[in-house]
J.: 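Please read through the structure below; I'll follow up with questions.
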There are 2 protein chains.
Amino acid sequence: MSILRQRPAEESTQLTPTDRAIVDELRSDGRLPNATLAERVGLSPSACHSRVRALRDRGVIRGFTADVDPAALGCAIQALVFVRIHPRARSGLEQFAETLRVRPEVAQLYFLGGSDDFLIHLWARDSNHVRDFVLDALSSSQAVAHTDTKLIFDHHRAVTPTAL
Amino acid sequence: MSILRQRPAEESTQLTPTDRAIVDELRSDGRLPNATLAERVGLSPSACHSRVRALRDRGVIRGFTADVDPAALGCAIQALVFVRIHPRARSGLEQFAETLRVRPEVAQLYFLGGSDDFLIHLWARDSNHVRDFVLDALSSSQAVAHTDTKLIFDHHRAVTPTAL
DNA sequence: AGTGAAACACTTGGTGG
DNA sequence: CCACCAAGTGTTTCACT
C-alpha cells in the first residue's frame, strides 16, 4: 500500500464561498454544533448538514481530531529528525516510511525535496527516548544513510483559518 | 504577549488510564459522541462527560479541529522554510515569530535548537506564492540573516494514538 | 468519583419550493 | 440546492451513592 499520492487530487472542484466559510469555522472549532455553524454561514441546519457531509465525502474535510498537549501525555520533549536514505534503497522508501509512520513517537512525517529524503516530527518522554528511537528505528536500518536530530523548543499550529 | 512558554506546564498531574483512553479516542475521532466514548472507555455517559470537560479545563485537550486537505483550499504546494535570525536581533525573536504566525500561509511554526532559529511549514498556491512569502515576510526583514526553503512532497500526521 | 433519570438541545431524514 | 418540520438521538445537569 503506497502512502504517497493516496489522495485522488480532487482540487478540480472549486469550493464555494459558503463551503470555505464552513471549512474555516470547523478548522477553528471541530465540534461546532451544526445549528450554530448553519447560523454563522447563513444556511438552514439541514442544508448546512448536507454540505458538511459532502465536504467529508469529497475528502475536503478528512476528519476531526482533538488537539492534545504532548506534555500531558508524558512527552516532555519534541524533536525533528532529518533522514537521508541510501541511493540504492530509494525504491523501498515508501515502505520504510510506512514502518516509521505507525510508530507512536511519530507525530508527523514529511517527504522532502533536497538532500534529505524525509523529516520526522517526534514526540518523546526525554532525550534518552529520542536517542533510542533514532538508534532503533533509523540507524539500525540498512536503508538509512544519515540522520540529523534537532530539538524543538516550541511548536505552534496555525491560528488563522487559511484564507489565501 | 509572549508565545513561548505560554502553557503552565501542567504535566505534574498524571493521567489515569481512563483519561488516556479518552484522549486516544478523541485524537482519532474528535467528534465521537459522548455516549459512544463512554461505552468504549467503560464509563457512564455523565461520568465520561465530566472527565472530558476536566481534560479540557486542565489544558490536556486544547481543542478540536477539522483536518482539511490543503489542496482543496487552493494550496497546491507545501514547503518548509528554515530561518536564521541575526544574533543582534535575537531578543526580538518572539515578537517577530508572532508576526509570522498570524499569516494565513503559516500552517505550523517550530522554534528550534541548532543553527536555525525556526522552521515554518508553509501552505501556498504555487511556487510563486512561496517565493513571495519568503521575500515579503522574511527576506525583507532586518532581523533575518538566512533562509532555506525545501519543498514538501507529501505530509502525514500521526496514525497511532500516542501510547508510549 | 461514578450512577441514573429527566430536561434539553441537536442532528438527521423526508417533503416540498 | 435550499428551507421547513418532525422524530429520533445524544448531551448535560442534578440529586444521590
Side-chain angles (χ1 to χ4, degrees), chain A residues 7-69 71-74 161-163, chain B residues 7-69 71-74 161-163:
Chain A
R7 272 167 251 131
E10 55 238 318
E11 57 169 322
S12 50
T13 345
Q14 200 70 317
L15 290 182
T16 68
T18 305
D19 284 335
R20 281 217 64 111
I22 288 174
V23 165
D24 286 347
E25 290 290 344
L26 289 179
R27 267 178 26 109
S28 63
D29 181 4
R31 278 200 155 182
L32 203 59
N34 181 64
T36 314
L37 177 60
E39 194 180 14
R40 293 208 189 151
V41 303
L43 244 54
S44 75
S46 58
C48 182
H49 183 257
S50 60
R51 293 200 90 119
V52 172
R53 170 175 297 216
L55 287 167
R56 296 197 68 164
D57 290 346
R58 284 164 58 191
V60 175
I61 295 175
R62 299 198 196 107
F64 296 90
T65 64
D67 178 25
V68 172
D69 181 3
L73 266 52
T162 302
Chain B
R7 274 167 249 131
E10 54 238 317
E11 57 169 321
S12 49
T13 344
Q14 198 71 316
L15 289 182
T16 68
T18 304
D19 284 335
R20 281 216 64 112
I22 289 174
V23 165
D24 285 347
E25 290 291 342
L26 289 178
R27 260 167 44 99
S28 62
D29 181 5
R31 277 197 156 182
L32 202 60
N34 182 64
T36 314
L37 178 59
E39 194 180 12
R40 291 205 191 155
V41 303
L43 246 52
S44 73
S46 55
C48 183
H49 182 257
S50 61
R51 292 200 91 119
V52 171
R53 169 175 296 220
L55 288 168
R56 296 197 68 165
D57 290 346
R58 285 162 59 190
V60 174
I61 295 174
R62 298 198 195 105
F64 296 89
T65 64
D67 178 25
V68 173
D69 181 5
L73 268 55
T162 302

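So you know, we letter chains A, B, ... as the sequences are listed, proteins then strands, and number each from 1.
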J.: Output the rounded distance in Å from CD (Glu39(B)) to P (dT9(D)).
T.: 15 Å
J.: Return the value, rounded to whole Å, for the distance between atom CG of Leu37(A) and atom P of dT12(C).
T.: 13 Å
J.: Reading DNA chain D from 5' onward, which residue's closest nucleotide shows up sooner: Arg53(B) or Ser44(A)?
T.: Ser44(A)
J.: To the nearest 0.5 Å, what is the distance between CG on Asp69(B) and CG on Leu55(A)?
T.: 11.5 Å
J.: Identify which nucleotide among dG13(C), dC2(D), dT11(D) has an atom closest to any side-chain atom of Arg51(A), counting heavy atoms from C-beta outward.
T.: dC2(D)
J.: How do Arg31(A) and Ala47(A) order along DNA chain D: which one's closest nucleotide is nearer the 5' end?
T.: Ala47(A)
J.: Side chain of Pro45(A) only, heavy atoms from C-beta on: which candidate in dA3(D), dT12(C), dT12(D) is closest?
T.: dT12(C)
J.: Roughly how many Å is it from CZ in Phe64(B) to P in dT11(D), rounded to a whole number?
T.: 12 Å
J.: What is the separation between atom CG on Leu43(B) and atom P on dT11(D), rounded to the nearest whole Å?
T.: 14 Å
J.: Got a donor-acceptor contact below 3.5 angstrom from the Asn34(A) side chain to the Pro45(A) backbone?
T.: yes
J.: Taking only side-chain nitrogens and oxygens of His49(A), does any of them come within less than 4.0 Å of OP1 or OP2 of dT12(C)?
T.: yes
J.: Just the rounded figure in Å: distance from P of dC10(C) to CZ of Arg40(A).
T.: 12 Å
J.: Is any N or O donor-acceptor pair between the side chain of Ser46(A) and the base of dC4(D) shorter than 3.5 Å?
T.: yes
J.: CG of Leu15(A) versus P of dC1(D): gap in Å, rounded?
T.: 14 Å
J.: So how far is it from Ile61(A) CD1 to Arg27(A) CZ, rounded to the nearest 0.5 Å?
T.: 10.5 Å
J.: Using 0.5 Å steps for rounding, measure from the NE2 atom of His49(B) to the CG atom of Leu37(B).
T.: 10.5 Å
J.: Between dT12(C) atom C1' and Asp57(A) atom CG, what is the distance in whole Å?
T.: 15 Å
J.: Please check if the side chain of Arg31(A) supplies one atom and the backbone of Gly30(B) the other of a donor-acceptor pair under 3.5 Å.
T.: yes
J.: To the nearest Å, give me how far apart CD1 (Ile22(A)) and P (dC1(D)) are.
T.: 13 Å
